Asker: 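Before I ask anything, here is the structure I am working with.
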Amino acid sequence: MCGICGWIGAWGPGANGAVPRMVQALAPRGPDDHGLWTAPDGLCVLGHTRLAIIDVGGSRQPMASEDGSVVVTYNGEIYNFAELRQWLRARGHAFRTTGDTEVLLHLYEEQGAELVQALDGMFAFGLYDRRGHRLLLARDRIGIKPLYYAVRDGGRSLVFASDTGALLASGLVSRRLDPAALGQFLRLGYAVHPTSWLREARQVEPGQIVQWRGGRVETRRYYRWQYCPRGELGTPTVAQERLTETLAASSEQQLVADVPLGSFLSGGLDSSSIAGFAQRARRQSGKALRSFTVRFGPAEFDESQRARRIAADLGTEHIEVRAETLTFDRPTLDRIVDGLGEPFGDTSSLAVYLLCREVRRAVKVALSGDGGDELFHGYTGLRRQMTARRLRLAPPALRRLARSRLAARPGRWSRRMQRALDLSLAPGDPHLIIEWSRRWDESDLRALLTWDVYDEAVRNPDVLAEVYAAIGPGSDGGFLAQQIRFQMLVDLPCDNLLKVDRMSMAHGLEVRVPMLSNAMLDYASALPLDARTHRGRTKEPLRSVAERLVPALTDRAPKHGFGFPVRDWLAAGVRNLWREGDLTRVLARAGFRRTALDALLADPDRGDGMMTSAQAVRLFDLTVLAIWMDRHGISG
């Protein structure tokens with residue numbers, strides 16, 4: 001796991017210190033080592049910071065081929081690198097190192113840009129071919145590892161890095177905010193690829209390669225996850241057998257490391273399955289797996305007792321991480337925002353930050369169950385969206401009347417029904433799916449933003465064009481297929497995977513996700529949607545496989561997200577933080593109305609002075625945005 005960056009131009013000498021500055025900005029992603037490589041003609045500079053996991057004493061980067069004609073800076077893990085090394089050796093290639101980086105160089109010599117098709121892993125890399133003065137950027141199939149780039153001087157040069165903070169450190173990219181990213185953030189809580197938070201920058205998309213040559217930039221998708229069901233997996237027995245084989249192999253494959261390794265264990269199906277298969281593979285070598293659970297104070301957020309029972313079933317060496325409080329002072333939030341690298345509104349990132357900080361004290365690599373909910377339709381919100389669709393059978397006037405009556409009634413059930421009725425009025429299924437994730441009411445955004453910014457960031461239909469394109473028309477598999485496409489193609493890479501990558505790398509911890517291996521992506525693509533529920537049980541066939549592996553999971557428990565008491569934590573001092581840091585002034589640069597921000601801070605939704613959870617989430621969004629803008633001098 002590493003940080004990568006670089007610059008390529010049509011004339012030289014280039015970069016003028018830009019790449020060394022980016023390397024310095026990427027130091028948290030690679031605290032073990034750093035390196036620079038400059039082409040003899042000065043037309044390309046590559047940088048790297050390293051978190052050493054495999055071949056700790058070797059595999060320094062940027063790494064060049066034997067004749068120096070191909071150079072790579074690479075972030076991630078290629079899990080099938082041993083098989084690829086064997087194949088390459090058979091074709092006459094010799095290796096100087098024992099890691100996976102050198103495999104990329106020799107594979108490029110054999111296959112060129114098509115090398116990405118052979119890779120099974122999580123990765124982002126920049127590869128320079130001196131013979132053609134060509135730069136190849138590539139990102140893994142589902143977007144586990146990040147990569148950003150900016151084209152400059154009409155295409156005559158290009159700069160790239162693992163995060164936007166490093167791009168800004170180069171001094172080659174404008175500090176102007178992209179209004180499309182702002183609009184996506186206010187709707188969904190994150191920016192959607194290929195949009196970047198910087199006007200001049202883009203994200204390399206999951207499963208995409210970007211090539212620069214002779215001042216021309218070309219992009220191509222080499223992989224895009226699709227739902228392509230196969231009939232044989234509709235049989236529960238076959239589906240469970242295939243899943244057991246595939247997930248066991250993926251988990252075992254991702255145990256390869258030359259440093260201490262453990263596994264997250266939340267108490268749910270996903271992390272329990274991964275820990276179970278990993279422990280079974282470890283047991284053959286006589287080593288127990290270390291498992292980690294984060295423990296919060298309030299009972300509704302605490303799954304530590306259940307995780308403890310699961311760890312006892314598995315026989316792991318179990319460790320509980322206590323995270324009952326978090327101080328919301330400016331230094332703490334600065335560190336968190338710097339780790340995120342960009343505005344990001346998923347408050348569970350705070351829990352991941354604390355978990356990774358503590359886990360890093362014991363291990364350098366951790367397995368995670370991320371991806372399970374997306375692969376197996378595990379989010380409870382998906383069922384509520386189905387309820388909203390059924391409500392369309394009632395006349396719109398009747399739904400509006402019921403909505404107004406429920407608004408006068410307190411209680412969680414009333415609020416949920418109001419939400420379902422609101423969604424039932426959405427014009428079409430793609431809009432319903434997007435509206436489910438909406439964080440601000442339209443009227444709130446009109447009051448919060450100046451008219452020109454509202455028009456450009458919210459009303460502009462192009463802002464969410466990529467999201468609508470990912471969801472699709474629904475002809476293939478209907479509404480359930482649309483839901484899973486949104487989860488797999490948008491929410492998973494832009495939210496969950498970004499969160500885990502940034503918060504783990506902030507502490508020099510590598511997190512691996514066996515649920516998202518190539519084989520598991522293929523399995524989920526082929527599994528019929530109706531096979532994900534069986535006899536009233538959700539998340540099949542994973543649930544049946546996990547319960548055989550971990551008997552404690554047969555004790556039913558309500559589903560917990562990886563959350564925590566955000567309202568209580570934020571209420572402790574976030575308003576003072578705003579006033580002391582004058583964050584209202586910062587957001588005004590991006591087109592926020594100061595009067596609306598002052599009202600949001602001074603007027604809680606409840607008369608007792610306590611903010612609601614929804615208000616706390618919105619306030620968290622704006623706080624992260626304001627601190628990021630302030631830290632980097634961003635303007636609208």
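FYI, the numbering just counts along the sequence from 1. The shown structure was predicted, so the numbers you read here are calculated from the model rather than taken from an experiment.
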Asker: Evaluate the criterion side-chain contact (heavy atoms from CB on, under 4.5 Å) for residue pair Glu83 and Asp120; output intermediate values, then yes/no.
Answerer: CA-CA 11 Å; Glu83 294 87 344; Asp120 186 358; over 6 Å; no
Asker: Do Tyr148 side-chain atoms and Leu198 backbone N/O form a donor-acceptor pair below 3.5 Å?
Answerer: no
Asker: Would you say the side-chain atoms of Arg360 pair up with the backbone N or O of Gly508, donor to acceptor, closer than 3.5 Å?
Answerer: yes
Asker: Inspect the contact between Arg220 and Glu114 and indicate whether a charged nitrogen and a carboxylate oxygen are less than 4.0 angstrom apart.
Answerer: yes
Asker: I need the Gln226 CD to Leu521 CG distance, nearest 0.5 Å.
Answerer: 12.5 Å
Asker: Could you tell me whether a side-chain N or O of Thr38 sits under 3.5 Å from a main-chain N or O of Val45, the two making a donor and an acceptor?
Answerer: no
Asker: Do the side chains of Glu358 and Arg361 get close enough for a salt bridge, i.e. N-O under 4.0 angstrom?
Answerer: yes
Asker: Okay, side chain of Arg139, backbone of Lys145: is any donor-acceptor separation there less than 3.5 Å?
Answerer: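 Present.
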Asker: Quick one: does any side-chain atom of Ser349 pair with a main-chain N or O of Asp346 as donor and acceptor, under 3.5 Å?
Answerer: yes
Asker: If I take atom CG from residue Leu367 and atom CG from residue Leu289, how far apart are they, to the nearest 0.5 angstrom?
Answerer: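 The distance works out to 6.5 Å.
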Asker: Could you walk me through whether Tyr190 and Asp491 satisfy the side chain to side chain donor-acceptor pair (under 3.5 Å) test, starting with their C-alpha distance in whole Å, then the side-chain angles of each, then the deciding distance to 0.1 Å, before giving a yes or no?
Answerer: CA-CA 9 Å; Tyr190 49 75; Asp491 205 54; 2.7 Å; yes
Asker: Distance-only, no hydrogens or angles: does the Arg221 side chain make a donor-acceptor pair with backbone N or O of Glu205 under 3.5 Å?
Answerer: no
Asker: Within a radius of less than 6.0 Å around NE2 of His34, do more than 12 heavy atoms belonging to other residues, nucleotides or ligands occur?
Answerer: no
Asker: Identify the two heavy atoms, one from Leu489 and one from Arg224, that lie closest to each other, and give their separation to 0.1 Å.
Answerer: CD1-NH2, 3.6 Å
Asker: Hey, is the main chain of Ala118 close enough, under 3.5 Å, to the side chain of Asn80 for a donor-acceptor pair?
Answerer: yes
Asker: So which atom in Thr246 and which in Met520 form the shortest heavy-atom distance, rounded to 0.1 Å?
Answerer: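 That would be CG2-SD, 3.6 Å.
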Asker: Counting only heavy atoms not in Gln117, do more than 12 sit closer than 6.0 Å to its CD atom?
Answerer: yes
Asker: In the structure I gave you, are the side-chain heavy atoms of Thr244 and Leu549 within less than 4.5 Å of one another anywhere?
Answerer: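 They are not in contact (no side-chain heavy atoms under 4.5 Å apart), so the answer is no.
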Asker: Just wondering, are more than 12 heavy atoms of other shown residues or ligands nearer than 6.0 Å to CD in Gln86?
Answerer: no
Asker: Begin from the C-alpha positions of Met63 and Trp37 and carry the test side-chain contact (heavy atoms from CB on, under 4.5 Å) through to its verdict.
Answerer: CA-CA 8 Å; Met63 183 181 291; Trp37 178 88; over 6 Å; no
Asker: So, for Tyr74 and His48, is the gap between ring centers shorter than 6.0 Å?
Answerer: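 No, ring centres 6.0 Å or more apart.
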Asker: Within the 4.5 Å heavy-atom criterion, are Asp129 and Leu136 side-chain neighbours or not?
Answerer: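 Not in contact.
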Asker: What are the two closest non-hydrogen atoms of Ala166 and Ala161, and how far apart are they?
Answerer: CB-CB, 3.6 Å
Asker: Rounded to the nearest 0.5 Å, what's the gap from CG on Leu243 to OG on Ser273? Could you check?
Answerer: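 Interatomic distance, Leu243 CG to Ser273 OG, rounded to 0.5 Å: 7.5 Å.
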Asker: So, do Phe95 and His106 sit near enough that their side-chain heavy atoms are less than 4.5 Å apart?
Answerer: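 Yes; the side chains approach each other to less than 4.5 Å.
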Asker: Is the shortest heavy-atom distance from the side chain of Phe264 to the side chain of Val511 under 4.5 Å?
Answerer: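 Yes, close enough: below the 4.5 Å cut-off.
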Asker: Test of understanding: with side chain to side chain donor-acceptor pair (under 3.5 Å), list the residues that count as partners of Asp163, not counting sequence neighbours.
Answerer: none
Asker: Quick one: does Arg130's side chain have a donor or acceptor within less than 3.5 Å of a partner on Ser69's backbone?
Answerer: no
Asker: When you look at His193 and Gln208, which way does the side chain to side chain donor-acceptor pair (under 3.5 Å) test go after all the steps?
Answerer: CA-CA 11 Å; His193 53 74; Gln208 185 183 57; over 6 Å; no
Asker: Measure the spacing between OH of Tyr523 and CD of Glu245 and express it to the nearest 0.5 Å.
Answerer: 10.0 Å
Asker: About how many Å separate OG of Ser263 and CZ of Arg512, when rounded to the nearest 0.5 Å?
Answerer: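 Nearest 0.5 Å value for the CZ-OG distance: 11.5 Å.
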Asker: Is there a donor-acceptor pair under 3.5 Å between the side chain of Arg21 and the backbone N or O of Ser170?
Answerer: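 Yes.
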Asker: Just so I know, are the side chains of Ser196 and Thr164 near enough to count as touching, which here means a heavy-atom distance under 4.5 Å?
Answerer: yes
Asker: Over all heavy atoms of both residues, which pair between Ala362 and Pro260 is shortest? Give the atoms and the distance, please.
Answerer: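 Nearest heavy atoms, Ala362 then Pro260: O-CB, 3.9 Å.
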Asker: Please walk me through it: do Leu88 and Leu107 pass side-chain contact (heavy atoms from CB on, under 4.5 Å)?
Answerer: CA-CA 7 Å; Leu88 288 163; Leu107 201 58; 4.2 Å; yes
Asker: Under the side-chain contact (heavy atoms from CB on, under 4.5 Å) test against Phe160, which residue among Val204, Val151, Val210, Leu46 passes?
Answerer: Leu46
Asker: If the plane angle is over 60° it's perpendicular, under 30° parallel, otherwise tilted; pick one for Tyr128 and His133.
Answerer: perpendicular
Asker: Is there a side-chain contact between Glu102 and Asp55 in this structure, where contact means two heavy atoms from C-beta onward sitting under 4.5 Å apart?
Answerer: no
Asker: Looking at Gly47 and Val23, what are the two nearest heavy atoms and their distance?
Answerer: CA-CG2, 3.7 Å
Asker: Is Arg85 paired with Asp100 through a side-chain N to carboxylate O contact shorter than 4.0 Å?
Answerer: no
Asker: Applying the side-chain contact (heavy atoms from CB on, under 4.5 Å) criterion to Phe123, which one of Ile144, Asn75, Ile78, Leu104 satisfies it?
Answerer: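 Of all the options given, the one that passes is Ile78.
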Asker: Quick one: are Pro528 and Leu233 in side-chain contact, heavy atoms under 4.5 Å?
Answerer: yes
Asker: Taking the side chain as every heavy atom from C-beta outward, state whether Ser272 and Leu265 have any atom pair closer than 4.5 Å.
Answerer: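 Yes, close enough: below the 4.5 Å cut-off.
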Asker: Please find the pair of heavy atoms, one from Val259 and one from Ala52, that lie closest to each other, and give the distance.
Answerer: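 Between these two residues, the closest heavy atoms are CG1-O, 3.8 Å.
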Asker: Would you check, one step at a time, whether the test side chain to side chain donor-acceptor pair (under 3.5 Å) holds for Gln61 with Thr101?
Answerer: CA-CA 8 Å; Gln61 296 189 53; Thr101 305; 3.3 Å; yes
Asker: Given the rule in the side-chain contact (heavy atoms from CB on, under 4.5 Å) test, do Asp373 and Asn496 qualify, once you have shown the distances and angles that lead to the verdict?
Answerer: CA-CA 11 Å; Asp373 278 321; Asn496 287 341; over 6 Å; no
Asker: Under 3.5 Å, side chain of Arg50 to main-chain N/O of Val56, donor-acceptor pair present?
Answerer: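 Checked: pair present.
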Asker: CG/Leu516 to OG/Ser250 distance, rounded to the nearest 0.5 angstrom?
Answerer: 9.5 Å
Asker: Could Arg502 and Phe344 be counted as a cation-pi pair, given that NZ or CZ must be under 6.0 Å from the ring centre and within 45° of the axis?
Answerer: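 No, Arg502 and Phe344 do not form such a contact.
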Asker: Show every donor-acceptor pair shorter than 3.5 Å between a side-chain atom in residues 211-219 and any protein atom, with sequence neighbours excluded, or say none if there are none.
Answerer:
{"residue": "Trp212", "atom": "NE1", "partner": "Gly155", "partner atom": "O", "Å": "2.8"}

Asker: Can you check side chain to side chain donor-acceptor pair (under 3.5 Å) on Ser266 and Ser271, steps first, answer last?
Answerer: CA-CA 6 Å; Ser266 69; Ser271 62; 3.1 Å; yes
Asker: In terms of side-chain geometry, is the basic nitrogen of Arg29 or Asp501 positioned less than 4.0 Å from the acidic oxygen of its partner?
Answerer: yes
